Visitor: 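Quick one: the structure is below, questions incoming.
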Protein chains: 2
Amino acid sequence: MKKGQETKSRIMDIAEAAILAKGFGATSIEEIIEEAGITKSGFFYHFSDKNALAKALLERYISIEDELFDGLFDRAQELHDDPLHGFLIGLKLLSELMADLPNGHPGCLIATYCYNERLFDKEVRELSQRAMLSWRKRFRKAFDKIAEKYDMRDDVDLDHLADMVSATCEGGIVMTKTLRDPDVLPQQILMLRSYIKLLFTERKPN
Amino acid sequence: MKKGQETKSRIMDIAEAAILAKGFGATSIEEIIEEAGITKSGFFYHFSDKNALAKALLERYISIEDELFDGLFDRAQELHDDPLHGFLIGLKLLSELMADLPNGHPGCLIATYCYNERLFDKEVRELSQRAMLSWRKRFRKAFDKIAEKYDMRDDVDLDHLADMVSATCEGGIVMTKTLRDPDVLPQQILMLRSYIKLLFTERKPN
DNA sequence: CGAAAACCGCACCTGCGGTACAGTAAATCG
DNA sequence: CGATTTACTGTACCGCAGGTGCGGTTTTCG
């Protein structure tokens with residue numbers, strides 16, 4: 001009852017690394033099973049087809065990412081009472097985390113799937129969509145708290161600002177991968193931080 | 001000497017649309033030739049293999065994108081003498097252009113290739129890299145001009161700021177495609193615009 | 001010990017990328 | 001106009017990957 005899950009997650013580890021490194025289409029089942037030391041039958045015992053593997057990977061990826069964001073920004077808020085400064089610390093921590101990845105961020109599974117759309121079924125696409133919307137909601141909540149206390153120098157929609165966090169990460173990852181420069185993603189996160197720092201300003205007494 | 005080029009570019013049109021819609025791996029040569037009304041032999045007469053098609057598509061994509069940026073920001077600068085306000089107008093125009101795309105931005109070929117890495121050879125990857133670097137250079141030049149005249153509220157690296165333009169577009173495209181919401185990309189471009197507006201401020205006399 | 005769970009082995013089918021090569025229609029140029 | 005490229009068509013074939021089917025075997029756990 002346990003060895004099965006172990007093998008399954010080993011397959012998923014190998015598959016995720018391969019898919020992020022060279023794309024979904026370029027990752028063959030054969031090379032996965034070879035590295036995992038199992039047979040084709042063994043693979044299809046765990047996953048009905050390649051799409052099922054993709055879905056399992058995405059679900060795991062999203063939950064790990066959620067936990068990461070939760071932990072990071074929760075810890076940041078503990079370091080500073082103020083919602084704005086807490087969030088800024090969170091972004092700093094995020095940037096440092098990304099900078100510590102030895103070969104740069106390996107890639108975002110959601111973006112991988114987004115650029116391989118029709119290889120997947122409706123379920124996988126809706127999963128991606130829901131994850132993006134949940135991130136919007138998450139950061140929107142943080143910005144709502146900040147906006148309660150601070151004035152804004154520019155009248156921007158807080159949903160768009162929340163999306164900017166995801167967009168910055170996604171854009172930074174694409175650039176980091178394309179340029180083969182691990183620094184770009186952390187830099188871009190700090191640029192976002194700079195914007196948020198400038199955008200919110202002490203409330204003026206009226 | 002002309003009909004050949006015509007067929008070739010028709011193949012490329014069909015291929016580009018298909019690749020952006022469903023990824024490179026999911027786009028078969030067979031469906032391309034079917035839609036183009038030619039045979040497999042005809043396809044391989046124009047392109048030695050799938051990688052050659054990818055390379056040709058990328059080259060065309062980059063040059064079109066370059067022309068687009070050139071035209072757009074040149075025109076914007078004509079509308080306003082000031083480098084900052086000219087650039088802000090350029091971003092506004094870019095946002096409007098993206099908003100006018102009926103089904104949202106179809107996707108960036110460079111990002112597509114970045115998430116399908118090993119499907120392509122070194123040449124294609126270097127082409128992507130050079131394009132990204134040229135965009136950095138392009139926007140860096142614009143920001144240099146702005147920085148000559150304006151103070152900055154936050155001391156950020158102008159290369160990172162230049163990269164932010166590309167990153168915003170890439171991130172916005174990923175989000176627009178994932179959420180199936182054409183508005184996200186133009187919104188994110190306007191967020192970038194808001195940042196640049198806040199970042200640069202009238203030079204104080206010393 | 002016995003029954004699931006977790007595989008292995010093998011055969012086989014399909015579709016796709018790609019090759020090879022001979023033949024042909026159409027455009028172009030002297 | 002005639003000859004030569006250019007731009008294809010048609011056919012046959014190869015190898016690989018995804019995927020199916022199913023019978024057999026080992027491992028694990030209650």
Side-chain angles (χ1 to χ4, degrees), chain A residues 1-58 112-113 115-124, chain B residues 1-58 112-113 115-124:
Chain A
M1 304 256 191
K2 225 173 68 181
K3 202 195 163 209
Q5 279 305 313
E6 195 189 299
T7 305
K8 193 169 178 175
S9 74
R10 200 172 77 251
I11 295 174
M12 287 172 70
D13 290 340
I14 294 166
E16 182 171 326
I19 288 170
L20 290 177
K22 49 200 222 190
F24 191 80
T27 302
S28 71
I29 293 177
E30 315 236 333
E31 65 174 291
I32 294 173
I33 62 178
E34 194 193 0
E35 202 178 330
I38 55 168
T39 62
K40 219 176 195 180
S41 310
F43 176 89
F44 284 106
Y45 173 79
H46 290 289
F47 303 100
S48 62
D49 54 21
K50 227 183 167 188
N51 189 80
L53 169 65
K55 195 187 157 194
L57 282 177
L58 189 56
T112 303
Y113 289 10
Y115 275 109
N116 285 274
E117 262 197 83
R118 301 293 157 83
L119 286 175
F120 310 106
D121 61 15
K122 205 180 155 195
E123 229 175 330
V124 170
Chain B
M1 305 257 193
K2 225 174 67 182
K3 202 196 165 207
Q5 281 303 314
E6 195 188 298
T7 304
K8 192 169 179 175
S9 74
R10 201 172 75 252
I11 294 174
M12 288 172 70
D13 290 340
I14 294 166
E16 181 170 329
I19 288 170
L20 290 177
K22 50 198 218 190
F24 191 80
T27 303
S28 70
I29 293 176
E30 315 236 332
E31 66 174 292
I32 295 173
I33 63 179
E34 194 192 2
E35 201 179 330
I38 56 168
T39 63
K40 216 177 197 181
S41 311
F43 175 88
F44 284 105
Y45 173 80
H46 289 289
F47 303 99
S48 61
D49 53 23
K50 227 185 168 189
N51 190 80
L53 169 65
K55 196 187 155 194
L57 282 176
L58 189 56
T112 302
Y113 289 9
Y115 275 109
N116 287 272
E117 264 197 84
R118 302 292 156 83
L119 286 175
F120 310 106
D121 61 15
K122 204 180 156 197
E123 230 176 330
V124 170

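All figures in this text were calculated on a predicted structure; none of them were measured in a lab. Numbers restart at 1 for each chain; the letters A, B, ... are given by sequence-line order, proteins then strands.
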Visitor: Checking contacts here: which listed nucleotide (C:dC16, C:dA20, C:dG18) is nearest the side-chain heavy atoms of B:Ser28?
Guide: C:dC16

Visitor: Got a second to check how far B:Lys50's NZ is from B:Ser28's OG, nearest 0.5 Å?
Guide: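 It is 7.0 Å, given to the nearest 0.5 Å.
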
Visitor: Which whole-number value in Å describes the distance from A:Ile29 CD1 to D:dA17 P?
Guide: 11 Å

Visitor: Side chain of A:Glu30 only, heavy atoms from C-beta on: which candidate in D:dG18, C:dG18, C:dG9 is closest?
Guide: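 Closest of the options to the side chain of A:Glu30: D:dG18.
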
Visitor: Show me the donor-acceptor pairs, under 3.5 Å and distance only, between side chains in residues 32-45 of chain A and residues at least two apart or in other chains.
Guide:
from    : atom 1 : to      : atom 2 : distance (Å)
A:Thr39 : OG1    : A:Gly42 : N      : 3.3
A:Lys40 : NZ     : A:Glu30 : OE2    : 3.4

Visitor: Can you tell me how far P of C:dA5 sits from NE2 of A:His46, to the nearest Å?
Guide: 13 Å

Visitor: I need the B:Gln5 CD to B:Met12 CE distance, nearest 0.5 Å.
Guide: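 One gets 9.0 Å once the value is rounded to the nearest 0.5 Å.
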
Visitor: Using atom CG of A:Leu53 as one end and atom C1' of D:dA17 as the other, report the distance to the nearest whole Å.
Guide: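 My rounded result for the distance is 15 Å.
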
Visitor: Identify the two heavy atoms, one from B:Gly25 and one from B:Asn116, that lie closest to each other, and give their separation to 0.1 Å.
Guide: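 Looks like N-OD1, 4.4 Å.
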
Visitor: Nearest whole Å is fine: how far is D:dA7 P from B:Phe43 CZ?
Guide: 16 Å

Visitor: Rounded to the nearest Å, what distance is computed from the CZ atom of residue B:Phe44 to the C1' atom of nucleotide D:dT11?
Guide: 15 Å

Visitor: Would you mind reading off the bend of the helix from C:dC1-D:dG30 to C:dG30-D:dC1 from its two end axes, five pairs each, to 10 degrees?
Guide: 30°

Visitor: Counting only side-chain heavy atoms from C-beta out, which of D:dT9, D:dT6, C:dA5 sits nearest to B:Tyr45?
Guide: D:dT6

Visitor: Choosing from D:dG18, D:dC8, C:dG18, which nucleotide comes nearest the side chain of B:Thr7?
Guide: D:dC8

Visitor: Send over the distance from A:Asp49 CG to C:dC13 P, rounded to a whole Å.
Guide: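 Value for this atom pair: 21 Å.
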
Visitor: Checking contacts here: which listed nucleotide (C:dT19, C:dC10, D:dG19) is nearest the side-chain heavy atoms of A:Ser41?
Guide: C:dC10

Visitor: In whole Å, I'd like the distance from the CD atom of B:Gln5 to the P atom of D:dT6.
Guide: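 To the nearest whole Å, that distance equals 12 Å.
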
Visitor: Both conditions, 6.0 Å and 45 degrees, for the charged tip of A:Lys8 above the ring of A:Phe47: are they met here?
Guide: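 Positive - A:Lys8 is close enough to the ring of A:Phe47 and near enough to its axis.
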
Visitor: Between B:Phe120 and B:Phe24, does the ring pair (Phe, Tyr, Trp, His ring centres under 6.0 Å) criterion hold? Intermediate values first, please.
Guide: CA-CA 10 Å; B:Phe120 310 106; B:Phe24 191 80; 4.7 Å; yes

Visitor: Once rounded to the nearest 0.5 Å, what's the spacing between atom CG of A:Leu58 and atom CD of A:Glu16?
Guide: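 Rounded to the nearest 0.5 Å, the CG-CD separation comes to 9.5 Å.
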
Visitor: Among C:dG17, D:dG19, C:dA6, which nucleotide sits nearest the side chain of A:Lys40?
Guide: D:dG19

Visitor: Once you round it to whole Å, what is the distance between P of D:dA7 and CD1 of B:Ile33?
Guide: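 Whole-Å distance recorded here is 18 Å.
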
